[in-house]
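The structure appears below as structure tokens.
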Amino acid sequence: MSDLGSEELEEEGEKYLGEYEGERNEAGERHGHGKARLPNGDTYEGKYEYGKRHGQGTYKFKSGARYIGEYVKNKKHGRGTFIYPDGSRYEGEWADDLRHGHGVYYYVNNDSYTGEWFAHQRHGQGTYFYAETGSKYVGTWVNGQQKGTAELIHLNHKYQGKFLNKNPVGPGKYVFDIGCEQHGEYRLTDVERGEEDEEETPVTVVPKWKVTKITELALWTPPHPQEQPAADGPSQGEAPGAEDGGEPVEEVQPLTDDMSEGELDSVHPGEEEGDASREDGEEFHYDSLEQGNVNFEEEEARQPELLD
């Protein structure tokens, strides 16, 4: 919801400025702390400087919205919180009456965006959380749109790739919690239209997922420590016959010097990693990315078959 141009100016002059109660300077301007009721029914309480809102203050709109934060020469500038009539709110940085810098927007449907803003729009690095599905988009934004490298994280898997106009495009991969990755790419395809709609309806582009490779989970099992047989004879350093004057016995050399290469390899865990590739060209439709409704239950159920 836009809040631009919704605040009444309080410039000195012949125009009626409403009611004011507070401090003034020697020139009679509103200066210091004061309370004002504007002609349109809005109210402001906070700091003034030379007749303008300047510093910390609270502006209440007759519509029910309100701003609590910093002002610079009648404009929201600095840190502030704007609460909208529908209950949504923005907490963060402002510049020249615009959301600008880092901030958090809490939407009326319990979604939220945390990240960078530029000229009142989501722009830069940010995270959008979808309350209904628990999914979240973590990546870059351009002029309010999801664009660039990002991750779309769901409850049991995530997608990593690039986005354009809220849609995934080009190469990417799905990473599943069960330990496998599905590599592929999204190709933009035009939706088929009937003859009646060819001239009236614009072309709708839908991304389709094509699998190129599935990487299976590589399991690693820790090795069992090699057990050394217990020595029945005297302890190390006590050669038989040392006390009774017998002949000394040669010191036994470690067994590792005589172990073969194959025996040494058996002591350490293997580092093999199996990859299963598939070129079947299977396609998936990308449905409602923003709601996190990418359905991969059927594909996950087929993972054991694909990984064999």
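This is a predicted model, so every value here is computed, not measured. Numbers for residues simply follow the sequence, beginning at 1.
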> Would you call W94 and H100 a side-chain contact if the rule is heavy atoms closer than 4.5 Å?
Replying inline: no

> Centre of Y67's six-membered ring, under 6.0 Å away, within 45 degrees of the axis: is that where NZ or CZ of K76 sits?
Replying inline: yes

> If you measure from CD on Q145 to NE2 on H123, what distance do you get to the nearest 0.5 Å?
Replying inline: 12.0 Å

> Can you list the residues that meet the ring-ring contact (aromatic ring centres under 6.0 Å, His included) rule with Y113, with sequence neighbours excluded?
Replying inline: W117, W141

>> Can you tell me how the ring of Y84 sits relative to the ring of F82, calling it parallel under 30°, perpendicular over 60° and tilted otherwise?
In response: tilted

>> Can you classify the ring geometry of Y159 versus Y186 as parallel (below 30°), tilted (30 to 60°) or perpendicular (above 60°)?
In response: perpendicular

> Do NZ/NE/NH1/NH2 and the carboxylate oxygens of K210 and E185 come within less than 4.0 Å?
Replying inline: no

> Hey, mind stepping through I153 and V138 against side chain to side chain contact (heavy atoms under 4.5 Å, CB included) and telling me if it holds?
Replying inline: CA-CA 8 Å; I153 303 173; V138 183; 4.2 Å; yes

>> Listing request: all salt bridge (charged side-chain N to carboxylate O under 4.0 Å, His left out) pairs with a residue in residues 55-73, at least two apart in sequence or in separate chains.
In response: none

>> Angle between ring planes, H157 versus Y174, binned at 30° and 60°: parallel, tilted or perpendicular?
In response: tilted

> So, N109 versus D111: side-chain donor-acceptor pair below 3.5 Å or not?
Replying inline: yes

>> Quick one, D96 with H77, criterion side chain to side chain contact (heavy atoms under 4.5 Å, CB included). Give me CA distance, side-chain angles, the key distance, then yes/no.
In response: CA-CA 6 Å; D96 293 329; H77 195 99; 4.0 Å; yes

>> Side chains of Y90 and Y106, heavy atoms from C-beta outward: is any pair under 4.5 Å?
In response: no

>> Once salt bridge (charged side-chain N to carboxylate O under 4.0 Å, His left out) is applied, what residue pairs with a partner in residues 112-130 remain, sequence neighbours excluded?
In response: none

>> What verdict does the side-chain hydrogen bond (donor to acceptor under 3.5 Å, both in side chains) test give for N40 and D42, after you've listed the backbone C-alpha separation in whole Å, the side-chain angles of each residue and the deciding distance to 0.1 Å?
In response: CA-CA 6 Å; N40 67 347; D42 296 348; 2.9 Å; yes

>> As a quick check of understanding, evaluate ring pair (Phe, Tyr, Trp, His ring centres under 6.0 Å) for Y128 and Y107, giving each step before the final call.
In response: CA-CA 11 Å; Y128 192 100; Y107 297 88; 5.7 Å; yes

> Just checking, is any N or O donor in the side chain of S135 or H154 under 3.5 Å from an acceptor N or O on the other one?
Replying inline: yes

> According to the interplanar angle, ranging from 0 to 90°, do the rings of Y44 and Y59 count as parallel (below 30°), tilted (30 to 60°) or perpendicular (above 60°)?
Replying inline: tilted

> What do the steps show when you test H31 against Y50 for ring pair (Phe, Tyr, Trp, His ring centres under 6.0 Å), and what is the final call?
Replying inline: CA-CA 5 Å; H31 193 89; Y50 301 107; 4.8 Å; yes

